[in-house]
Amino acid sequence: MRTYALTPLECTSVQAILSAVLNEQSPVDRAIALEFKTERMPETAQLHIIDAVGDMLRRLNLLAFLADVPLAQAGIAVQSLICQWHLLHNRQLPNLRVADQCDQKVFETRRELARQQPALWDGCPEWLEDLGQQQLGLQWPAERAALTQAAKRYIRVNTLKCNETQLQHRLQQEHIDTRAVEGVPGALEVTSNGSLFRTQAFKDGWFEQQDAGSQLIAPFLGVEPGMRVIDACAGAGGKTLHLAALMAGKGRLLAMDVEQWKLDNLRLRARRAGAHNIEPRLIESSKTIKRLKESADRLLLDVPCSGLGVVKRNPDTKWRDTAERLPVLLELQADILRRYSKMVKIGGQLVYATCSLLPAENQDQVARFINECDGQFTLLREQSISPAQTGFDGFYMALLQRN
Ligand SMILES: C[S@@+](CC[C@H](N)C(=O)[O-])C[C@H]1O[C@@H](n2cnc3c(N)ncnc32)[C@H](O)[C@@H]1O
């Protein structure tokens with residue numbers, strides 16, 4: 001988290017965004033976009049606001065505790081939350097209206113109480129704390145703390161258009177500094193402020209924003225130019241575009257999803273990236289899958305999941321989701337693995353991936369599938385990306401071979 005005091009105007013915008021998220025259930029990205037559309041402001045102010053909103057949402061329960069309001073009523077105490085946030089980070093209070101809500105002594109007392117409750121201090125809701133403890137045991141506190149940190153900005157070099165050095169040089173000319181990420185070829189960490197999406201390099205399709213951990217998934221599938229590849233849960237195509245680059249644009253890459261609007265988005269991104277071998281295809285029924293039986297050399301199943309590994313990027317989800325969603329997801333993941341795996345040719349390979357840290361969604365799913373598939377698949381390798389150990393988002397990937 002960078003340290004600066006919010007200006008009164010920035011504070012007003014933070015308040016408007018938090019009110020929309022907490023009172024109107026607006027997704028945080030949409031609330032931010034709407035605020036920036038209505039209120040014109042310099043890029044640095046926008047970055048301050050995005051940082052502040054993210055940080056406040058990551059530790060919403062802590063701020064509510066400090067403000068002495070029930071979490072369920074956080075939405076009607078937004079000014080007070082902003083005030084506590086300033087005190088927590090030792091920043092000058094931006095304006096009198098917010099300062100009215102603060103009492104330094106009460107704050108200090110409650111901060112000491114909060115420090116004694118590690119889950120609260122790390123901004124973790126009770127349902128998630130129970131789930132984390134139960135699923136990850138001793139590993140959980142370190143992961144929980146890592147998931148409270150601000151997410152770093154990473155981009156992926158689009159090797160269909162340029163290489164790492166060329167991209168770094170071009171971005172530098174557009175006043176964006178980057179550095180290579182150890183262990184993740186093609187990933188750059190963005191170390192300066194400034195909007196990436198306004199750069200000409202972005203408009204020309206030289207890079208995509210993508211977490212460094214996420215960039216490890218497409219290479220795990222071992223695709224080669226000329227192969228027939230299916231990305232069956234492609235969404236808006238973050239990993240599809242990476243696969244296309246690894247295939248050097250040669251071969252056939254089918255990008256499938258159950259949501260047409262995501263595939264429409266993917267089409268636009270593919271055009272910008274110069275990835276011409278991608279064919280988006282909507283999954284309309286189970287027939288769409290059956291027709292592709294034994295047709296793929298490689299299959300990526302980046303299945304819908306709890307998203308626990310990326311919660312620092314989507315902190316509002318912590319306050320909306322509950323543990324009750326998990327069994328439904330587990331059922332869907334098992335169903336996708338069972339039915340979609342039939343699209344792999346004999347001798348072909350598939351990667352099952354999630355952005356979750358929970359063994360129930362990861363190792364347990366794969367182990368059960370292997371057990372039940374009558375020897376049709378063998379697990380070749382699996383890898384977990386731990387936010388605590390890497391600073392990246394959290395992911396899991398398993399490479400399976402069809403026998
Ligand atoms: C984790 S997201 C995929 C993210 C994407 N691969 C990327 O890298 O940007 C999971 C996707 O699965 C899709 N999905 C949900 N149910 C599905 C199903 N039964 N078959 C295929 N895709 C499904 C969702 O719409 C969502 O886009």
Side-chain angles (χ1 to χ4, degrees), residues 27 29 151 154-156 158 184 186-187 207-221 223 229-247 253-270 272-273 275 278-292 296 298-311 313-314 317 321 325-344 350-358 361-362 365 385 392-398:
D29 288 351
Y154 295 101
I155 56 178
R156 180 180 56 74
N158 178 12
V184 191
F207 68 88
E208 281 288 334
Q209 191 160 18
Q210 189 179 0
D211 181 74
S214 165
Q215 296 185 39
L216 293 167
I217 294 176
F220 209 69
L221 190 56
V223 295
V229 179
I230 300 178
D231 181 356
C233 306
K239 296 178 194 74
T240 319
L241 296 176
H242 196 181
L243 288 169
L246 294 169
M247 295 166 76
L253 178 48
L254 206 53
M256 310 176 79
D257 203 281
V258 287
E259 308 245 33
Q260 183 64 50
W261 67 272
K262 292 183 183 172
L263 296 176
D264 293 343
N265 199 345
L266 184 154
R267 209 184 279 276
L268 294 177
R269 292 173 80 190
R272 187 176 54 232
I278 298 176
E279 188 188 317
R281 186 176 298 178
L282 182 68
I283 302 173
E284 287 174 305
S285 70
S286 54
K287 278 193 196 138
T288 317
I289 303 299
K290 281 185 187 151
R291 281 193 206 109
L292 290 164
R298 296 286 184 273
L299 169 69
L300 176 59
L301 298 177
D302 187 22
V303 297
C305 71
S306 65
L308 181 54
V310 293
V311 86
R313 281 184 207 281
N314 309 313
T317 58
D321 285 352
R325 204 167 73 95
L326 188 61
V328 181
L329 283 167
L330 294 178
E331 188 49 48
L332 178 60
Q333 292 158 357
D335 178 59
I336 289 179
L337 192 45
R338 208 179 305 121
R339 287 191 298 117
Y340 291 24
S341 55
K342 297 194 169 65
M343 292 192 286
V344 180
L350 77 81
V351 162
Y352 170 89
T354 71
C355 53
S356 171
L357 305 176
L358 303 176
E361 298 185 85
N362 299 339
Q365 285 287 23
I385 312 293
F392 306 157
D393 290 341
F395 295 95
Y396 168 81
M397 57 201 102

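Both counts, for ligands and for their atoms, begin at 1 and track the order of listing. Since we're looking at a predicted model, the values are computed, not measured.
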### Query
Does ligand 1 have an atom that lies less than 4.0 angstrom from a heavy atom of V303?
yes
### Query
Are any side-chain N or O atoms of R269 and backbone N or O atoms of A236, one a donor and one an acceptor, separated by less than 3.5 Å?
yes
### Query
Is there a donor-acceptor pair under 3.5 Å between the side chain of R156 and the backbone N or O of Q210?
no
### Summary
One finds that the ligand 1 atoms under 4.0 Å from a non-hydrogen atom of A232 are 21 (C), 22 (N)
### Query
Would you say the side-chain atoms of Q215 pair up with the backbone N or O of I155, donor to acceptor, closer than 3.5 Å?
yes
## Note on the structure
closest protein heavy atom to atom 15 (C) of ligand 1 is P304 CG, 3.3 Å
### Message
G238 versus ligand 1: do any nitrogen or oxygen atoms come within less than 3.5 Å of each other?
### Response
yes
### Query
Among protein heavy atoms, which lies nearest atom 8 (O) of ligand 1, and at what distance?
K239 NZ, 2.9 Å
### Message
I need the nearest protein heavy-atom contact for atom 13 (C) of ligand 1: residue, atom name and distance, please.
### Response
D257 OD2, 3.3 Å
### Message
Just to confirm my output: which protein heavy-atom neighbour is closest to atom 23 (C) of ligand 1, and how far is it?
### Response
V258 CG2, 3.7 Å
### Query
For ligand 1, which atoms, with element, lie under 4.0 Å from some heavy atom of I283?
20 (N), 21 (C)
### Query
Does the N or O separation between C233 and ligand 1 drop below 3.5 Å for any pair?
yes
### Summary
Within 4.0 Å of some non-hydrogen atom of Y340, the atoms of ligand 1 are 18 (C), 19 (N), 20 (N), 21 (C)
## Note on the structure
Interatomic distance, CE@M256 vs CD@E279, rounded to 0.5 Å, equals 9.5 Å
### Task
Indicate yes or no: does an N/O atom of K262 lie under 3.5 Å from an N/O atom of ligand 1?
yes
#### Entry: Contact partition for A234 relative to ligand 1, non-hydrogen atoms under 4.0 Å
backbone
## Note on the structure
For atom 2 (S) of ligand 1, the closest protein heavy atom turns out to be D302 O, 3.9 Å
### Message
Give the atom numbers and elements of ligand 1 that come within less than 4.0 Å of a heavy atom of E259.
### Response
25 (O)
### Query
Any donor-acceptor pair under 3.5 Å linking the side chain of D257 with the backbone of G235?
yes
### Test item: Q365 side-chain N/O and L330 main-chain N/O as donor-acceptor pair under 3.5 Å
yes
### Query
For the residue pair R339 and I289, what are the closest heavy atoms and their distance?
O-CG2, 4.0 Å
### Query
If you round to the nearest 0.5 Å, how far is CZ of F395 from CD1 of I217?
5.0 Å
### Query
Any sub-3.5 Å donor-acceptor pair from N362's side-chain atoms to Y396's backbone N or O?
no
### Query
Q333 side chain to V303 main-chain N or O, any donor-acceptor pair under 3.5 Å?
no
#### Entry: Where ligand 1 meets G235 - atom numbers and elements under 4.0 angstrom, heavy-atom basis
27 (O)
